[in-house]
Amino acid sequence: MARTELPDARVSPRFAGVCTFGRYPRLEDVGPAGRPVDWAIFGVPFDGGVTFRPGARFGPRAVRDASQYLKRYHLGHRVDVCEALSLTDAGDAPIKPYGIKATLDAVAAWATSLADPGTRLMAVGGDHSVAYANIRATWERRGKPKGGLALVHFDAHLDTVDAVWGESWGHASPFRRAIEDGLIDPKAMISLGVRGPLNTPTDLDFAAKAGVRLVSIDEARASGAALLAAYVKALGGREAYVTVDIDVFDPSVAPGTGTPCPGGLSANEGFALLRALRGLHLAGADVVEVLPDRDVSGMTAMLAAHVMFEVLALSAS
Ligand code: MN
Ligand code: MN
């Protein structure tokens with residue numbers, strides 16, 4: 001029996017019914033009496049941490065909608081994700097639209113006790129500030145690994161700014177805070193896709209000095225897959241969290257995002273990099289910064305749904 005029961009699309013069409021991520025069952029329907037859940041996917045409809053365009057609070061709904069056409073078999077990894085994994089949509093985390101830190105605390109507390117203790121968490125944002133909350137919850141649930149989790153970060157930006165407008169918890173700062181709080185190990189962090197104009201020549205200094213492996217967009221394109229395969233090998237089974245800011249992709253394929261930057265990855269380049277992580281022991285993940293109002297075609301949310309599927313397939317393979 002498949003670990004995740006999907007509605008039969010030949011009986012119940014993909015465009016009918018109540019939306020859940022990937023058409024996976026709701027957490028209340030896999031219930032305490034059900035099988036242990038491998039991954040709980042949840043929305044974090046929050047964009048109080050943005051520095052430019054708002055609107056990512058509508059991301060989770062758009063990604064749910066766009067994920068209805070996800071099927072179950074991953075051709076690259078040759079794995080049926082629903083056979084291999086028990087997946088659920090855990091709904092949306094509790095958020096406080098007027099407070100960043102209040103939201104992160106509420107989301108982290110909620111996520112820490114979600115589903116079974118061994119269940120991995122995938123957060124769908126929301127702006128990138130919400131990654132901090134899911135990383136904190138993941139770190140706690142995975143037994144507070146000493147020195148912090150390893151981290152694979154896809155983004156046009158580094159998100160290690162100390163503060164913007166006096167605010168320390170916005171979407172420019174989640175990895176600065178997570179490093180400071182010992183939730184992630186900067187020496188086991190790799191950040192791919194950074195590009196575009198910076199504010200100052202010293203913008204990358206904090207991460208570089210902390211030991212983060214910075215991979216520019218050109219380097220990611222030229223040799224990212226080999227770098228990631230070597231990174232996975234070097235981790236030697238240590239668990240890593242994967243965070244994907246949709247703006248790592250080029251605005252031509254992901255226009256619906258808050259701080260777009262031309263010159264990013266094509267969809268296929270991004271998928272190839274994610275597939276190069278094969279063998280990674282996943283601790284948790286997020287996909288963030290989808291801003292559907294800026295994308296009448298819905299292709300940004302569709303891309304995010306497929307990124308979600310790529311991460312689940314990695315976990316299943
Ligand atoms: Mn980001
Ligand atoms: Mn970004």
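Numbering of ligands and ligand atoms starts at 1, following listing order. Both backbone and side-chain heavy atoms feed into the values below; hydrogens, waters and symmetry mates do not. Starting from 1, each residue takes its place in the sequence as its number.
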Margin query: Quick check: of its N, O or S atoms, which one does His128 have closest to the Mn ion (ligand 1)?
Written below: ND1
Notebook entry, point to check: Where the side chain of Ser173 meets the backbone of Trp169, is there a donor-acceptor pair that is under 3.5 Å apart?
Noted result: no
Check: Which N, O or S atom name in Asp159 marks its closest approach to the Mn ion (ligand 1)?
Finding: OD2
Notebook entry, point to check: Around atom CZ of Arg142, are there more than 12 heavy atoms of other residues, nucleotides or ligands at under 6.0 Å?
Noted result: yes
Check: Taking Arg136 for the side chain and Asp105 for the main chain, is one N or O donor matched with an acceptor at less than 3.5 Å?
Finding: no
Check: So, for Thr4 and Ser86, which heavy atoms are closest and what is the spacing to 0.1 Å?
Finding: OG1-CA, 3.3 Å
Note to self: Between the Mn ion (ligand 1) and Asp155, which N, O or S atom of the residue is the nearest one?
What the structure shows: OD2
Notebook entry, point to check: Do you see an N/O/S atom of His157, backbone or side chain, under 2.8 Å from the Mn ion (ligand 2)?
Noted result: yes
Item checked: Asp181/Arg176 salt bridge by N-O under 4.0 Å criterion -> no
Item checked: Any N, O or S atom of Asp245 closer than 2.8 Å to the Mn ion (ligand 2) -> yes
Note to self: So, of the N/O/S atoms that Asp247 has, which is the nearest one to the Mn ion (ligand 2)?
What the structure shows: OD2
Notebook entry, point to check: Within Asp127, is some N, O or S atom less than 2.8 Å away from the Mn ion (ligand 1)?
Noted result: no
Item checked: the Mn ion (ligand 1) to nearest N/O/S of His171 below 2.8 Å -> no
Check: Using a distance-only test with no angle check, is there a side-chain donor-acceptor pair under 3.5 angstrom linking His157 and Asp245?
Finding: no
